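What follows is a set of notes on a single structure, which appears directly below.
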Amino acid sequence: MASNIRYLSTRGESTGASYDEIVLRGLASDGGLFMPESYPQVTAETLESWRKLPYAELAFEVLRLFASGIDEAALKEICRSTYTEKTYCNAREGDDPKDITPVRWLEDGIGLLELSNGPTLAFKDMAMQYLGALFEHLLAREGKTLNILGATSGDTGSAAEYAMRGRKGIRVFMLSPYGRMSDFQRAQMYSLEDPNIFNIAVRGTFDQAQDIVKAVSNDHAFKSAHSIGTVNSINWARVAAQVVYYFKGWLAAAEKGEAISFAVPSGNFGDVLAGWIAKQMGLPIASLIVATNENDVLTEFFETGVYHPRDAAHTYVTSSPSMDISRASNFERFIFDIVGRDPEVLKRLWHVMATEGEFRLTGELWERVLASGFTAGKSTHADRLATIRDTWERLGVMIDPHTADGLKVAREKRLPGVKCLCLETAQAAKFSKTIIEATGTVPAIPASCADLLSLPQRCEVMDPETENVKQFIDRHTKE
Ligand SMILES: Cc1ncc(COP(=O)(O)O)c(C=O)c1O
Ligand SMILES: N[C@@H](CCOP(=O)(O)O)C(=O)O
C-alpha cells in the first residue's frame, strides 16, 4: 500500500479513514472537510533526489505519501496514464511539450508556473484528470457507481466533465451560476453530449451552488441512496493532487535549500491551500501571496483578521469570473491548522460567523496567521486590463484575467530578492472579451478547441434550491 496515513474531519469526526475511503465520501459526515492526521514530511535530501523526475513520477512520489488504501502499482499507473504529453498538449510557443507545467520567466525573478495546458485550458485539469482515473480505479475495485455533484464558477465544471466523460460507473451533475461565466467556459460545458454529463445552471452565484452541494452531501440518506460524490476541492484528493505542482515549480525554479514565493489567484482557496500543505511538508516556501479580484473577502482577512463572507447581492460579477466567490470552502482547512487543529474552536468560529456574519481573529491566533507566510492583495478590472496589456506589449506574453490578478499582486507583495512564481491558472483563450478590451488582439484558440463556440448547447436552468437539484438527480439516476 502507498501509505498508512489516516484522515480526520475539521469538525471533529475522527474516523481514522483512509485515502481510498475519503476520496469516495468527499465531505465528512459531520459536514467538515477531511484532513490528514499529520502532514507527511519531505527532507531536503529527498527533495533533491526528485529534481530530474518527469511530472508523472513526481506526482507518484508526492501522492503516495497521502494515498493510504491504494495499491502502489495502481497509483503509479494512474499517474503514468494521467500526466502525459498527449493530455497536456496545449503548451504555448516556446514551451517544451514534455514539460507538463513549464515555468516561463517574465522579469527580474518573477515567473509564470503554467498549469493550463490540459484539455480545458485551466489549472483544474491538473488534479481533475488524475481524479477521473482514480475514481474509475476505485469504483471498479469496489464494484460501485458514483454520482458526482459539483459546483463551478467556470473552470471546475468543464475540467470535471472532460475528465469524467465516458468513464464507467460515473455520472456528473454540475451546477453553474447562470449568466456569470465567459462564453468559452459555457460552451465547454454545455456543448457536451455525453449521456453521463448533466449541466444545471442555477439562477444565483457559485456560493449558492456550493451550498447546495454541501446540503445534498449532508443529507446522509440521500447521499447514500444516490451514491453522491464530489469533485470540488472540498474533496481532499483534489487538494493533494494540486500539492504536486508546487514541488514541480520549486524544483524548476529554486536552488538547493532556496526559499521562493508563490502568488496564487484565489477564489475557493483550494489552490493556495495546496501551497500551504506543500510548505507544511517541508518545501522551502518564503511566502504565499493570495490574489483576489473585487470579491476581496480573503484579502480583507489577511489584512485585518476579520473574516466576513459576503452574501449573493454583494458577490460581484467581474472580468475574472472564476474567482467570483465570497465563501471559500478551503479556508476552513487553513483555520483548522491555525487553531491548532482543535475542532471545538473551529466550530465556535463558524458559529459566530453564522450568527454575526463574521469572525475576527485576535491575540495568539492572529499572531499565527501573521507568522504563516501568507500575504494578500486585490486586483480590480482596471488593474487586470493594465497587467494583461503590459505583459502582452512589453513581454509578448498573453495572460488570462485571473493570472493577471495574480501577477499584479505578486509584483506588489513579493519579498525583495526572493524569486516568485505566479500560478498561471487559465489560458487567455477562455476570456477573449477581456483580452480584446485590454490588448485589441483576439487571443489564439488552441486547435483542440477551434469549433467550440459554434457547437449546439444544452443545460437545465433552475432556481438555487436544494430540493430542485435532488429531484433532478433522482429523476436522472433512475433512467
Ligand atoms: C482560472 C481560475 N483562477 C483561479 C481560481 C481560484 O482558485 P481557487 O478556487 O482554488 O482559489 C479559479 C477557480 O477556482 C479559476 O478557475
Ligand atoms: N473557480 C472554481 C470554483 C470551484 O473551485 P474548486 O477548486 O473548489 O472546484 C471553478 O472554476 O469552478
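This structure is a prediction, so every number in the text was calculated from the model and none was measured. Along the sequence shown, the residues carry numbers beginning at 1. Ligands are counted one by one from 1 in listed order, and the atoms in each one are counted from 1 as well.
- Distance alone, capped at 3.5 Å, places no donor-acceptor pair between the R368 side chain and the S372 backbone.
- No cation-pi contact links R186 to F184, judged by a cut-off of 6.0 Å to the six-membered ring centre and 45° from its axis.
- Under the ring pair (Phe, Tyr, Trp, His ring centres under 6.0 Å) criterion, Y19 pairs with no residue, sequence neighbours left out.
- Using a 4.0 Å cut-off between charged side-chain N and carboxylate O, D207 and R310 make no salt bridge.
- Between F173 and F472, the ring planes lie perpendicular to each other; the angle is over 60°, past the 30° to 60° tilted range.
- Close approach to G154 involves these atoms of ligand 2, each under 4.0 Å from a residue heavy atom: 10 (C), 11 (O), 12 (O).
- Using a 4.0 Å cut-off to heavy atoms of I325, the atoms of ligand 2 that qualify are 3 (C).
- Taking every heavy atom of S322 and a limit of under 4.0 angstrom, the matching atoms of ligand 2 come to 1 (N).
- Between R165 and D194, at least one side-chain nitrogen of the basic residue sits less than 4.0 Å from a carboxylate oxygen of the acidic one, meeting the salt-bridge criterion.
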Check ligand 1 for close polar pairs with the protein: N or O on both sides, less than 3.5 Å.
{"unit_1": "ligand 1", "atom_1": "3 (N)", "unit_2": "T425", "atom_2": "OG1", "d": "2.8"}
{"unit_1": "ligand 1", "atom_1": "9 (O)", "unit_2": "N268", "atom_2": "N", "d": "2.6"}
{"unit_1": "ligand 1", "atom_1": "10 (O)", "unit_2": "G270", "atom_2": "N", "d": "3.2"}
{"unit_1": "ligand 1", "atom_1": "10 (O)", "unit_2": "D271", "atom_2": "N", "d": "2.8"}
{"unit_1": "ligand 1", "atom_1": "11 (O)", "unit_2": "G267", "atom_2": "N", "d": "2.7"}
{"unit_1": "ligand 1", "atom_1": "11 (O)", "unit_2": "N268", "atom_2": "N", "d": "3.2"}
{"unit_1": "ligand 1", "atom_1": "11 (O)", "unit_2": "F269", "atom_2": "N", "d": "2.9"}
{"unit_1": "ligand 1", "atom_1": "14 (O)", "unit_2": "K124", "atom_2": "NZ", "d": "2.5"}
{"unit_1": "ligand 1", "atom_1": "16 (O)", "unit_2": "D155", "atom_2": "OD2", "d": "2.5"}

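- Considering only non-hydrogen protein atoms, atom 11 (O) of ligand 2 sits nearest to D155 N, 2.7 Å.
- Only the side chain of N268 comes within 4.0 Å of ligand 2, counting heavy atoms alone; its backbone N, CA, C and O stay farther away.
- Side-chain N or O atoms of R104 include none that pairs as donor or acceptor with a backbone N or O of P102 at under 3.5 Å.
- Using cut-offs of 30° and 60° on the angle between ring planes, the pair Y7 and W236 is tilted.
- Judged by a 6.0 Å distance limit and a 45° cone about the ring axis, K248 is not positioned over the six-membered ring of Y55.
- Residue contacts with ligand 2: R238 is placed with a nitrogen or oxygen under 3.5 Å of a nitrogen or oxygen of the ligand (distance criterion only).
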